[in-house]
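The sequence lines fix the lettering, A, B, ..., with proteins before strands; numbering per chain opens at 1.
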There are 2 protein chains.
Amino acid sequence: MHISLVKAETLVAGVFEANGVLPDTARSVAHALVQAEAAGQYGHGLRRVPVYIGQARTGKVDGKARVSSLQPKPAVLTIDAALGYAYPALDLAVEKLPAIARAQGIALGLVHRSHHAGVMALTVERFAEQGLVAMMFANAPASMAAWGGKKRLYGTNPIAFATPVAGTDPLVIDLALSTVAAGKIMAAKQQGQQIPADWAFDSDGQPTTDPDKALKGLMAPSGGAKGAALALMVEVLAAGLTGSSFSYEASSFMAEDGPPPSVGQTLIVIDPVAGTAAAAERIAELASELASEDGVRLPGRRGQNARQRAIAQGLEIDDAVIAAIKALA
Amino acid sequence: MHISLVKAETLVAGVFEANGVLPDTARSVAHALVQAEAAGQYGHGLRRVPVYIGQARTGKVDGKARVSSLQPKPAVLTIDAALGYAYPALDLAVEKLPAIARAQGIALGLVHRSHHAGVMALTVERFAEQGLVAMMFANAPASMAAWGGKKRLYGTNPIAFATPVAGTDPLVIDLALSTVAAGKIMAAKQQGQQIPADWAFDSDGQPTTDPDKALKGLMAPSGGAKGAALALMVEVLAAGLTGSSFSYEASSFMAEDGPPPSVGQTLIVIDPVAGTAAAAERIAELASELASEDGVRLPGRRGQNARQRAIAQGLEIDDAVIAAIKALA
């Protein structure tokens with residue numbers, strides 16, 4: 001069906017509220033999921049509502065959690081997501097970190113007792129829209145091994161980055177450190193197709209083209225040993241520094257039962273004028289250099305364009321997805 | 001020949017001084033190159049001396065540069081490498097950033113008008129040895145294209161990371177965002193061998209197995225589009241924020257003529273106790289989990305072990321390398 005962003009948010013927030021989630025939290029989560037949908041990130045969009053609600057019902061996510069923050073050092077904000085959804089904690093980061101970054105030049109946001117971070121591109125972009133450079137790191141339930149190993153140790157541990165660009169929209173990067181998203185392997189399984197040998201390993205750590213063995217096994221890190229090394233870095237930043245569960249300790253984001261995942265997210269926000277007044281103009285030169293070449297996309301433009309269309313024209317959502325959401329009210 | 005670290009440093013520093021390089025700078029550069037050699041990073045070790053000296057002779061590097069720093073914001077240190085070697089600027093970062101990170105919780109070091117960063121693992125490790133988490137980003141003369149492009153736009157743009165680990169040596173990560181180092185392609189060329197198709201592109205942006213075409217063409221980014229996206233992130237952090245040349249503007253680190261490369265390096269240093277007092281202990285649990293698995297190496301251990309051996313037993317250096325150094329005195 002066709003639905004405006006505002007109506008989609010109202011619908012989704014209402015379903016969360018009907019399931020005992022605090023009104024402010026319900027609005028925050030609904031906004032994030034609708035924005036993900038608008039950006040074309042369907043895997044982190046409205047299809048997540050049934051799982052999110054299911055976890056609120058079992059108590060795996062605390063829908064009544066109240067987010068709080070402390071500033072233990074002048075440039076550090078620790079945020080307790082309190083075993084609720086991640087979005088209220090990320091909203092608080094977006095509210096408070098910019099002033100810290102402008103005052104100190106750089107700010108560190110450490111989110112603990114958190115949950116699925118959603119589309120990190122959308123979070124870092126909110127800083128870049130305020131003229132700030134932002135990096136974000138998140139861990140996630142384990143699906144990758146250390147390089148040379150075969151135990152699930154790291155999540156796909158995404159890195160996101162956004163920078164303001166003078167005169168135009170921010171550049172936005174958001175990438176998981178696995179070669180592909182697990183969704184691609186699930187899609188291959190549903191279609192009865194084999195997968196390329198560099199997407200995943202079986203549970204013995206051997207490359208596999210069988211999507212079934214891949215799903216029971218391990219996601220392959222992007223770029224091999226280098227992706228695994230970066231996943232370790234993200235593990236330290238997102239979980240080690242925040243006091244969160246490591247990926248190998250975290251419960252599933254998808255299953256409705258079990259203890260809270262209690263993962264972490266780390267944000268680094270930089271005021272680009274701290275180093276050089278002309279940073280945003282110089283970054284605009286770099287963006288022009290990229291854009292001048294045929295075949296090169298500016299990172300972030302696809303999501304930004306999708307959102308513009310969604311704002312103007314509304315969302316087109318599968319009837320089955322809407323029906324599944326309404327059934328939860 | 002066999003030589004102790006101290007004697008190697010004295011020899012190399014003397015050669016730099018004989019070529020008009022300031023004594024303090026000569027010692028800083030000699031120390032960094034000998035440490036690289038000790039860590040087994042020969043490509044960034046004593047083999048660089050002839051090129052480094054050649055550039056001092058032509059004025060491409062200013063051997064008389066005096067490094068200076070400013071603190072424009074409480075958590076930001078800008079360092080002017082003054083078109084000299086990078087190492088005195090990095091030494092200043094290692095001297096000054098820890099106190100800032102401990103006071104503010106996080107510190108940002110922005111190095112501009114700089115040169116070849118050498119082995120970044122060794123720089124970030126110096127912070128971790130003081131109980132601090134450090135990330136480092138550097139740009140470099142362009143050798144990779146944007147994803148989908150065929151113009152040289154990005155350097156191999158390395159990322160390094162180190163974290164303290166309670167009770168043992170730091171974990172240290174240092175990786176270029178190209179699939180392999182250019183040195184591997186040069187070695188294949190010298191041996192008349194083909195290279196794997198995922199190492200490089202020819203100048204039309206097509207995969208090539210011909211090392212000649214690869215060297216005239218483009219290095220392939222690690223993990224394809226993801227490596228290229230991270231290279232853009234590094235470009236913004238290391239050059240955009242520091243006011244340095246972008247990689248496509250930077251002159252070669254290897255050629256002796258031309259203008260100074262004037263690249264940048266960015267350091268982010270975090271006091272891990274800012275978020276949770278137990279960070280180093282938790283990271284030790286993660287390291288144990290890694291180490292418990294057969295076939296998994298702890299990142300950084302190979303270099304640390306090589307250094308221990310070099311400290312105990314001295315360096316074994318090709319006579320030709322020593323002769324080339326002595327010839328420059």
Side-chain angles (χ1 to χ4, degrees), chain A residues 72-76 78 103-108 110 112 133 135 146-151 153 159 161 163 171 173 175 179 222-224 226-227 229-230 232-233 235-237 239-243 246 248 268 270-272 274-276 278-279 282-283 285-286 289-290 293-297 299, chain B residues 72-76 78 103-108 110 112 133 135 146-151 153 159 161 163 171 173 175 177 179 222-223 226-227 229-230 232-233 235-237 239-243 246 248 268 270-272 274-276 278-279 282-283 285-286 289-290 293-297 299:
Chain A
K73 295 273 184 178
V76 179
T78 59
Q104 308 297 329
I106 186 169
L108 176 65
L110 301 168
H112 67 285
V133 169
M135 306 174 77
W147 193 245
K150 54 190 183 186
K151 281 199 302 197
L153 206 65
I159 296 176
F161 174 80
T163 180
L171 294 180
I173 290 162
L175 52 91
T179 300
S222 173
K226 294 188 179 191
L230 290 173
L232 172 58
M233 177 182 86
E235 206 65 47
V236 170
L237 292 171
L241 296 187
T242 61
F246 288 120
Y248 63 84
I268 295 173
I270 297 171
D271 186 354
T276 164
R282 281 286 288 157
I283 295 163
E285 289 180 38
L286 173 62
E289 194 71 22
L290 260 83
E293 205 179 351
D294 282 346
V296 175
R297 281 170 195 259
Chain B
K73 296 273 183 177
V76 179
T78 59
Q104 308 298 328
I106 185 169
L108 175 66
L110 300 168
H112 67 284
V133 170
M135 306 174 76
W147 194 245
K150 53 191 184 185
K151 284 199 300 195
L153 206 64
I159 296 177
F161 173 81
T163 180
L171 294 180
I173 290 162
L175 53 91
L177 292 173
T179 300
S222 174
K226 294 187 180 191
L230 290 173
L232 172 58
M233 178 182 85
E235 205 64 47
V236 170
L237 292 170
L241 296 188
T242 61
F246 288 119
Y248 62 86
I268 295 173
I270 297 171
D271 186 354
T276 163
R282 282 286 286 158
I283 294 163
E285 289 180 38
L286 173 62
E289 194 71 24
L290 259 83
E293 205 178 351
D294 281 346
V296 175
R297 280 171 194 259

Sort [X] into side chain, backbone, both or neither according to what part of it lies under 4.5 angstrom from a heavy atom of chain B.
| X | answer |
| --- | --- |
| Val133(A) | side chain |
| Thr179(A) | backbone |
| Ile283(A) | both |
| Ala229(A) | both |
| Leu110(A) | side chain |
| Ala239(A) | neither |

Taking all atoms of both residues into account, what is the closest heavy-atom pair of [X] and [Y], and its distance?
| X | Y | result |
| --- | --- | --- |
| Pro72(B) | Ala274(A) | CG-O, 3.2 Å |
| Pro299(A) | Leu232(B) | CG-CD2, 3.5 Å |
| Lys73(A) | Ala103(B) | CD-O, 3.7 Å |
| Ile106(B) | Ala75(A) | CG2-CB, 3.6 Å |
| Ser222(A) | Lys226(B) | OG-CD, 3.7 Å |

Gap between atom CE of Met233(A) and atom CG of Leu171(B) - 0.5 Å precision: 13.0 Å
Largest heavy-atom contact set with chain A, pairs under 4.5 Å, which of Thr242(B), Leu177(B), Ile159(B), Leu230(B): Leu230(B)
Contact winner vs chain A - Leu237(B), Asp294(B), Thr78(B), heavy-atom pairs under 4.5 Å: Leu237(B)
Those residues that, when tested against Thr163(A), pass side-chain hydrogen bond (donor to acceptor under 3.5 Å, both in side chains) (two or more places apart): none
Any Gln104(A) side-chain heavy atom under 4.5 Å of Gln104(B) side chain: yes
Arg282(A) side chain reached by Leu241(B) side chain, heavy atoms, under 4.5 Å: no
Which one wins on heavy-atom pair count under 4.5 Å against chain B: [options]?
| options | result |
| --- | --- |
| Gly149(A), Gly243(A), Ala279(A), Gly227(A) | Gly149(A) |
| Gly275(A), Pro74(A), Gly105(A), Gly223(A) | Pro74(A) |
| His112(A), Arg297(A), Met135(A), Glu235(A) | Met135(A) |

side-chain contact (heavy atoms from CB on, under 4.5 Å) partners of Leu153(B), counting only residues at least two apart: Glu289(A), Leu290(A), Ala146(B), Tyr248(B)
Toward chain A, the part of Ala278(B) with a non-hydrogen atom under 4.5 Å: neither
